[in-house]
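The analysis underlying the following values was restricted to heavy atoms, covering all of them including side chains, and did not include hydrogens, waters or symmetry mates.
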Amino acid sequence: MEQLQSLRGMVDLLPAATSRWQWLEQTAREHFRRSCIREIRTPLLEATELFARGIGEATDVVGKEMYSFNDRGDRSCTLRPEGTASVVRAAIQHGLLSQGAQRLWYGGPMFRYERPQGGRQRQFHQIGIEFLGFADPRSDVEAIAIAWDLLEALGITGLQLELNSLGSRVDRQTYRDALVGWLSERQNQLDADSQQRLATNPLRILDSKNPQTQQLLQDAPNLEQSLSDPSRERYEQVKAGLSALKIPYLCNPRLVRGLDYYGHTAFEITSDALGAQATVCGGGRYDGLVEQLGGPAAACVGWAMGLERLMLLLGDESQQSQPPDVVVISQGNAAEALAVPVARQLRQIGQAVDVDLSGAGFGKQLKRAGKSGARWAVLIGDEEASSGQLQRKDLHSGDSSTIALQSLAENWIS
RNA sequence: GCGGGCGUCGCCAAGUGGUUAAGGCAGCGGCUUGUGGCGCCGCUAUUCGGGGGUUCGAAUCCCCUCGCUCGCCCCA
């Protein structure tokens, strides 16, 4: 490789794409503002231990996907692979929870060392919300509704909300034992990955894509049946809340999610237009995490969306960049000296002004100005420079008039 | 990390062993040295992602490598 290029899975966003990204981000920001959710920004780099303890040692994210390195002080650092752990850490560190429950959102790049694929990059972008200190099932409903409505505001259709309850810690332990016991007797019928997980993370076997494994699981103990009455009741309340909002959902008892901190409500919003990377939004409840990371007991619910995947669903029609309002054209020493000052004056009254600094002939500059889609051209040549009367040309109609350099800003009318 | 497909100019793309590697778009220059959007003319890859090999001869065949892509895996 002679040519220097971006690292694998690290993608440049070129000007043709950035306006679309800005629109997406603004739409999300506005949606969060209306939902009274405030932004939190945390560092991209954290102590490796935060993720190891927060997300779980046995998860794939921690086990094999982290960008970790030792810094000059020999501390193990990791580029954040997700947002929740950092937000929780920050909330604990700054005592946010002692000021009451927190409704927070975050956004920005995340890093996961994986083989890139459509909708999957090593540096990718998420936005997410975290409700810290909310135990009521209505908070699950509200969080999901906010995600659902944001996707609608973005104009994304054809989405499916899948819902499950992982129950309480005790429920999960009970179920886990039952599942491991049942599967152990049929270990030889499991695919290789699932056999591994039997020891490390048995619940994950549930959402294996291996058809034989899925077949086998038909008769396996069911997570729903292991739910305690309060857990079941809670789940019902969430479902009722969603139904009341007319948000359609599909109960999927196999929906497990890969991060250890989830319990009770877990959900995903998927699209069938994304190939293998179908999840657009994923989240759930993580009532034990704050305490686990050294904070007070605080029930929480949150989710994250992958922005690249949203972009894929929005279609990649690269938008034309906004054309300038005005292009300043000049020729000759005296005139060229005026070009930047004129542009600056017009910018001060709010015009989007481009300046042709090429030194090419009038014809050429005018041609480019026309192509740029600008409405106006301001022409400055020797005559204009000496008389102080600039020429202002309407590029749509071709009409020209003069405008005095002295009173340019005052007399400019778009 | 494992399998399949692909890689020719900024973009799209012909060429599949034989002299100088089509074409289109964009860009640049000119016709038109101070007045554009049309038109016409011209220019832009000693080189086919990179390296090595086979061959008299390779973009075209083989190996390695990098990258992209699809599936697995995983998740957003």
Side-chain angles (χ1 to χ4, degrees), chain A residues 1-11 14 16 55 59-65 80-84 107-128 147 151 191-194 196-197 201 204 207-211 255-259 262 268-271 274-283 302-313 318 327 329-332 335 356 358-374 376-385 391-400:
Chain A
M1 287 277 80
E2 290 287 319
Q3 266 275 338
L4 233 34
Q5 52 184 281
S6 62
L7 291 168
R8 176 167 223 197
M10 308 275 175
V11 174
L14 273 9
I55 301 172
T59 62
D60 288 286
V61 169
V62 171
K64 52 188 190 192
E65 294 174 1
R80 63 181 188 191
E82 57 106 51
T84 302
M110 306 293 166
F111 302 83
R112 255 120 101 160
Y113 193 93
E114 295 181 275
R115 185 100 170 241
Q117 218 175 308
R120 191 170 86 185
Q121 296 167 191
R122 289 183 172 182
Q123 177 177 336
F124 61 105
H125 300 264
Q126 287 186 336
I127 52 171
L151 292 165
D191 60 276
D193 281 329
S194 296
Q196 285 267 319
R197 291 208 187 95
N201 205 342
R204 296 289 318 291
D207 58 11
S208 164
K209 280 184 194 158
N210 185 296
L255 176 64
V256 175
R257 309 199 44 73
L259 312 183
Y262 288 114
E268 286 186 6
I269 300 174
T270 58
S271 165
L274 285 174
Q277 261 57 53
T279 304
V280 164
C281 176
W303 50 254
M305 289 187 189
L307 299 192
E308 280 78 8
R309 292 181 188 175
L310 295 182
M311 291 302 299
L312 288 173
L313 293 174
S318 52
V327 178
I329 287 169
S330 60
Q331 188 176 48
D356 193 322
S358 69
F362 265 115
K364 190 58 78 182
Q365 292 190 52
L366 214 39
K367 187 172 179 172
R368 277 198 286 256
K371 275 199 163 177
S372 76
W376 304 102
V378 169
L379 292 90
I380 317 172
D382 293 333
E383 291 168 27
E384 288 81 2
Q391 197 185 144
R392 178 208 214 228
K393 185 178 176 97
D394 182 330
L395 291 169
H396 293 357
S397 67
D399 299 338
S400 284

TODO: Can you tell me the distance, in whole Å, between the CZ atom of A/Phe124 and the P atom of B/rA76?
DONE: 8 Å

Open item on the list: In whole Å, I'd like the distance from the CZ atom of A/Arg122 to the P atom of B/rA76.
Closed with: 18 Å

Open item on the list: At 4.0 Å (heavy atoms only), tell me whether A/Asn201 reaches a base, stays on the sugar-phosphate, or touches nothing.
Closed with: nothing

Open item on the list: Give me the distance, rounded to whole Å, that separates B/rG34 from B/rU44 when you measure between the P atoms they each carry.
Closed with: 25 Å

Open item on the list: Heavy atoms only, 4.0 Å cut-off, all strands: where does A/Ile329 land among base, sugar-phosphate and nothing?
Closed with: nothing

Open item on the list: Measure CE/A/Met10 against C1'/B/rC66 and give the value in whole Å, please.
Closed with: 16 Å

Open item on the list: Rounding to an integer number of angstrom, what distance separates B/rA59 and B/rG15 when you compare their C1' atoms?
Closed with: 8 Å

Open item on the list: Rounding to an integer number of Å, can you tell me how far A/Leu366 CG sits from B/rG36 C1'?
Closed with: 4 Å

Open item on the list: Please tell me if A/Arg368 has a side-chain N or O lying less than 4.0 Å from either OP1 or OP2 of B/rC28.
Closed with: yes

- [ ] Using the P atoms only, state how far B/rG4 lies from B/rU19, rounded to an integer number of Å.
- [x] 34 Å

Task: A/Glu82 CD to B/rA76 P, straight-line distance once rounded to whole Å - done: 8 Å

- [ ] Pick the C1' atom in B/rG49 and in B/rC43, then give their distance to the nearest Å.
- [x] 26 Å

Task: All side-chain contact (heavy atoms from CB on, under 4.5 Å) counterparts of A/Gln121, not counting sequence neighbours - done: A/Val11, A/Phe124, A/Glu308

Which protein N or O atoms sit under 3.5 Å from an N or O of nucleotides 69-73 of chain B?
| from | atom 1 | to | atom 2 | distance (Å) |
| --- | --- | --- | --- | --- |
| B/rC70 | OP2 | A/Gly118 | N | 2.6 |
| B/rG71 | OP1 | A/Ala276 | N | 3.3 |
| B/rG71 | OP2 | A/Gln117 | NE2 | 3.0 |
| B/rC72 | N4 | A/Arg120 | NH2 | 3.3 |
| B/rC73 | O3' | A/Arg197 | NH2 | 2.8 |
| B/rC73 | N3 | A/Arg120 | NH1 | 2.6 |
| B/rC73 | N4 | A/Arg120 | NH1 | 3.0 |
| B/rC73 | N4 | A/Gln277 | NE2 | 3.2 |

Open item on the list: Please determine whether salt bridge (Lys or Arg N to Asp or Glu O under 4.0 Å) holds for the pair A/Arg368 and A/Asp356, giving the CA-CA distance in whole Å, both sets of side-chain angles, and the decisive distance to 0.1 Å.
Closed with: CA-CA 9 Å; A/Arg368 277 198 286 256; A/Asp356 193 322; 3.4 Å; yes

Open item on the list: Under 4.0 Å, heavy atoms only, any strand: does A/Gly9 hit a base, just the sugar-phosphate, or nothing?
Closed with: sugar-phosphate

- [ ] Could you check if a side-chain atom of A/His125 sits within less than 4.5 angstrom of a side-chain atom of A/Pro109, using non-hydrogen atoms only?
- [x] yes

Task: Any-strand Watson-Crick or G-U partner of B/rG27, both distances under 3.5 Å - done: B/rC43

Task: Candidate list A/Thr84, A/Val61, A/Asp60, test side chain to side chain contact (heavy atoms under 4.5 Å, CB included), partner A/Leu259, passing option - done: A/Val61

Task: Interatomic distance, A/Leu259 CG vs B/rC75 C1' [rounded to whole Å] - done: 8 Å

Task: Atom pair distance, as rounded to whole Å: CH2 in A/Trp376 and P in B/rG36 - done: 18 Å

Task: Value in whole Å for how far the C1' atom of B/rG37 lies from NZ of A/Lys367 - done: 9 Å

Between the protein and nucleotides 32-34 of chain B, list every N/O to N/O distance that falls short of 3.5 Å.
| from | atom 1 | to | atom 2 | distance (Å) |
| --- | --- | --- | --- | --- |
| B/rG34 | O6 | A/Asp382 | N | 2.8 |
| B/rG34 | O6 | A/Glu383 | N | 2.8 |
| B/rG34 | N1 | A/Glu384 | OE1 | 2.9 |
| B/rG34 | N1 | A/Glu384 | OE2 | 3.4 |
| B/rG34 | N2 | A/Glu384 | OE2 | 2.7 |
| B/rG34 | N2 | A/Gln391 | NE2 | 3.3 |

